[in-house]
Amino acid sequence: MLFLSCARRRHAARSRTLPATAAYCPMKRTHTCNALRRDQVGQEVTLVGWVDVRRDHGGIQFIDLRDREGITQILFTNEDAELSQQADRIRPESVIEVTGTVRARGESEVNAKLPTGEIEVVARQLTIHNVAETPPFPLDDDKANKVNEDLRLQYRFLDLRRPNMYRNLRVRSKAAKAMRDYLDSQEFLEIETPSLFKSTPEGAREFLVPSRLNPGKFYALNQSPQQYKQMLMVAGVERYYQLARCFRDEDLRADRQPEFTQIDIEMSFIDREDMYATMEGLMKRIWKDVLGVDLQTPFPRMSYFEAMNRYGVDKPDTRFGLTFEDFTEAFKNSSFKVFKTIANSGDGAIKAMKVPELADLTQGEHRDLENTAKNFGAKGLAFIRIDESGEWKSPIVKFFSDEEKAALQERLDIQPGDLVLFSAAEWERACTILGRVRLECAKLLVKREKLELSASQYNFLWVIEFPLMLHDEEQGRYVAAHHPFTAPVPEDVELLDSDPKAVRGQHYDLVLNGWEIGGGSIRIHQPELQKKVFEDVLQIPKDVVQERFGYMLNAFRYGAPPHGGIAFGFDRMITLMTGATSIREVIAFPKTQKGQDLMADAPTTATPRQLRDLHIETVELDEEADAE
RNA sequence: GGGGUAGUAGCUCAGUUGGUUAGAGCGCCUGCCUGUCACGCAGGAGGCCGCGGGUUCAAGUCCCGUCUAUCCCGCCA
């Protein structure tokens, strides 16, 4: 079991060793560097590993020998001159093998910081397997965490030697194991599906792969195994899962990589409730097996509408409040024209959020909040600061009537020292603006130590009842909010023709501490309905539907079971489980924001020969051609 | 495509209003040291101040451009 405390990021950075794992006795050694205790005193042992640090005292020297399990102190004395001289040559990160005798340390010599700190190994024989050059950056976790990430990525093989990074890899491995154990126990089949799929230009940009055997034609790397897994349901597999590698050629973020891993799941003969229960069981098992944490199930649920309306985002972090109240009605007759106009504009909304104890924010902080609001389309950020005497300080409050003030006071429960922030715009935008401001306010409260956001508090939340369609202003048509295979909520099906926007989908997202870690839906399994969604609602031309999805519609004519599924972002999940700040920390060899592998130096140019075989020509685009 | 931040020794950083020979800690090298575990002590080496251009008597410092990393917006059905 791994121990992850509240402030575990800091603690983990300090601890130089991991807790002991089950003993294993590989090859050249008799023990790992985290195996020896008082019980083994007197035994002759052989250890192998990397030199963590060497402390030379002249006639005596110590070496901290490190392997992935931990650190053991090796003692060299000058009794054996040859051995002592040999040890003089040792440099940090060299790989050595030591045979010697386990000895108990004297009382004043015990190192309480090391699990092996009560003993040391007195060296009798030393083999230097590999002499290391001086590493380009310190491998000490505390220091290495600050090193430029590009350097760490270039020397990833060194970076991964650090206990922090090894721990992340191990959490990831254990989580995968727990997942397989659980899904296997529930009779799921692990099935691999192709990475080379066909191009489906709707949705995420894809990586294209030229086909040598089919000149001028291309595969696309799959964005997810969505269509294959639905075919597996038609094939009668009933329960499928896969730790699936997915590819999307979109711009990167701290939580996005061009290739990433999903826990991909699909089940037949289920409804949403079955899905929630099964997946809650999966999370429970993973958290228990890997972190020793007991999750409370069932997870709370929230509608998309409430998430937006109260938190301003479809993936609310429910570890803290700062929820919104709606004052659209209250300001319908206001003498504050900005609010009045929006309150009466049909889909306009006036939202307010009370931030306790933030009336002391600085001018700079206020400006940053305002810029955040403006970035998301706000004209400004209306506010009220309540000073210690309870007086409302604000440029707008003079426009408010007594009734309006009373409404604010009552519904926000305003106290001295509080800050109240407003957003006024079309409902969705008003919510989004305040949602972003909410997150910034939370950061300010954390900075003031008035709010604690513990990484070891796991607030899971199902967000449900998403709209099936969103109207795309640019394209002037409806687009699928999730993907076009999501089934409508049964009672909303009749609205498909009359009011597509009002149709709710049987879609669900699993949210953890403000991160979307999974999403899925009950799928459409009737060819007529699927065809209707493609052609009538999404208005994809018939020939395009046939070309792209013809085989699916065809398959659904041959006995398609009702089915549904979900996919979890495995990298994101592990990021949250380890308390890491970016998914790059839990991926062995991640890519930079420009999609480069700095260690192997990919991508590279191709040789003319390669290009010829693939029937591809590269052309220089001049600026004019580029502009077209 | 756009906005923010960063780039000075191997690493992390400081460098004032533009002004002498660019500094610190760690690391590295040499020597000393028998109980250290952030060992200690003494000495030493190490710099295209990201790159290119400009302003100036004078640029690490000011201006323009550019590259790289990172965070965010757009994008991610």
Side-chain angles (χ1 to χ4, degrees), chain A residues 14 16 52-65 71-79 84 88 91-93 103 105-114 116-117 120 133-140 142-155 158 200-206 223-224 226-227 246-258 260 368 371-372 374-377 432 436 439-440 468-470 472 474-475 478-486 505 507 516 519 521 533-534 538 540 548 569 581-582 584 591-594 596 598 626-627:
Chain A
R14 293 267 156 84
R16 313 193 73 196
D52 200 60
V53 68
R54 172 169 158 265
R55 292 178 294 278
D56 184 353
H57 288 246
I60 183 173
Q61 53 182 312
F62 303 96
I63 282 176
D64 284 348
L65 189 61
I71 285 178
T72 299
Q73 174 166 287
I74 313 293
L75 173 65
F76 291 87
T77 66
N78 60 1
E79 280 163 33
S84 182
D88 284 343
R91 292 294 173 270
E93 295 310 316
R103 169 159 102 189
R105 299 199 200 180
E107 208 170 302
S108 63
E109 294 157 7
V110 166
N111 184 352
K113 293 179 204 160
L114 287 181
T116 60
E120 62 195 350
E133 288 186 15
T134 303
F137 61 90
L139 299 192
D140 177 83
D142 275 338
K143 289 177 184 155
N145 281 341
K146 292 183 193 158
V147 171
N148 263 334
E149 204 176 339
D150 51 346
L151 194 69
R152 291 176 47 206
L153 289 176
Q154 193 186 336
Y155 292 91
L158 294 179
T200 54
E202 287 234 331
R205 191 178 291 116
E206 301 160 315
Q223 303 170 32
S224 79
Q226 181 62 35
Q227 296 178 39
C246 308
F247 306 87
R248 290 179 194 171
D249 189 11
E250 295 288 352
D251 286 1
L252 276 53
R253 289 283 190 284
D255 61 351
R256 280 194 237 154
Q257 281 275 301
F260 60 99
D368 289 346
N371 285 338
T372 300
K374 283 179 176 170
N375 274 342
F376 291 89
T432 304
R436 293 297 180 138
L439 295 178
E440 294 304 313
L468 190 64
M469 313 286 170
L470 296 170
D472 186 321
E474 262 180 46
Q475 298 185 52
Y478 286 98
V479 295
H482 178 46
H483 59 52
F485 316 116
T486 301
H507 172 56
E516 182 202 322
S521 61
V533 168
F534 283 143
L538 299 177
I540 306 172
R548 273 183 216 158
T581 48
S582 123
R584 293 187 298 276
K591 293 185 171 55
T592 69
Q593 200 162 46
K594 282 187 74 182
Q596 296 189 321
L598 295 180
D626 217 19

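Chain letters run A, B, ... following the sequence lines, proteins first, then strands; residues in each count from 1. The structure presented is a predicted model; accordingly, all values stated were derived computationally and were not measured.
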Sugar-phosphate, base or nothing in reach of D249(A), heavy atoms under 4.0 Å: nothing

Contact under 4.0 Å: K146(A) side-chain N or O vs rC11(B) OP1/OP2: no

Proximal nucleotide (of rU70(B), rU68(B), rG35(B)) relative to the D150(A) side chain: rU68(B)

Value in whole Å for how far the C1' atom of rG50(B) lies from CG of L151(A): 14 Å

Short side-chain N/O contact from R584(A) to OP1 or OP2 of rC71(B), under 4.0 Å: yes

N/O (side chain, T134(A)) to phosphate O (OP1/OP2, rG10(B)) under 4.0 Å: no

Rounded C1' spacing from rG18(B) to rC33(B) in Å: 49 Å

Side chain to side chain, H483(A) and Q227(A), heavy atoms closer than 4.5 Å: no

Interatomic distance at C1', rG31(B) relative to rA45(B), whole Å: 15 Å

Donor-acceptor pair present, E120(A) side chain and rG35(B) base, under 3.5 Å: yes

Heavy-atom donor-acceptor pair, D251(A) side-chain to rG74(B) base, under 3.5 Å: yes

R253(A) side-chain N/O to rC73(B) phosphate OP1/OP2 under 4.0 Å: yes

Phosphate OP1/OP2 of rU34(B) contacted by R55(A) side-chain N/O (<4.0 Å): no

Listed nucleotide nearest any side-chain atom of F62(A), set rC28(B), rC11(B), rU36(B): rU36(B)

Residue-phosphate contact under 4.0 Å: Q596(A) side-chain N/O, rA69(B) OP1/OP2: yes

Along RNA chain B (nearest heavy atom to each residue), the more 5'-positioned of K594(A) and H483(A): K594(A)

Contact under 4.0 Å: R436(A) side-chain N or O vs rC73(B) OP1/OP2: yes

N/O (side chain, K374(A)) to phosphate O (OP1/OP2, rC73(B)) under 4.0 Å: no

Any Q593(A) side-chain nitrogen or oxygen under 4.0 Å from OP1 or OP2 of rC71(B): yes

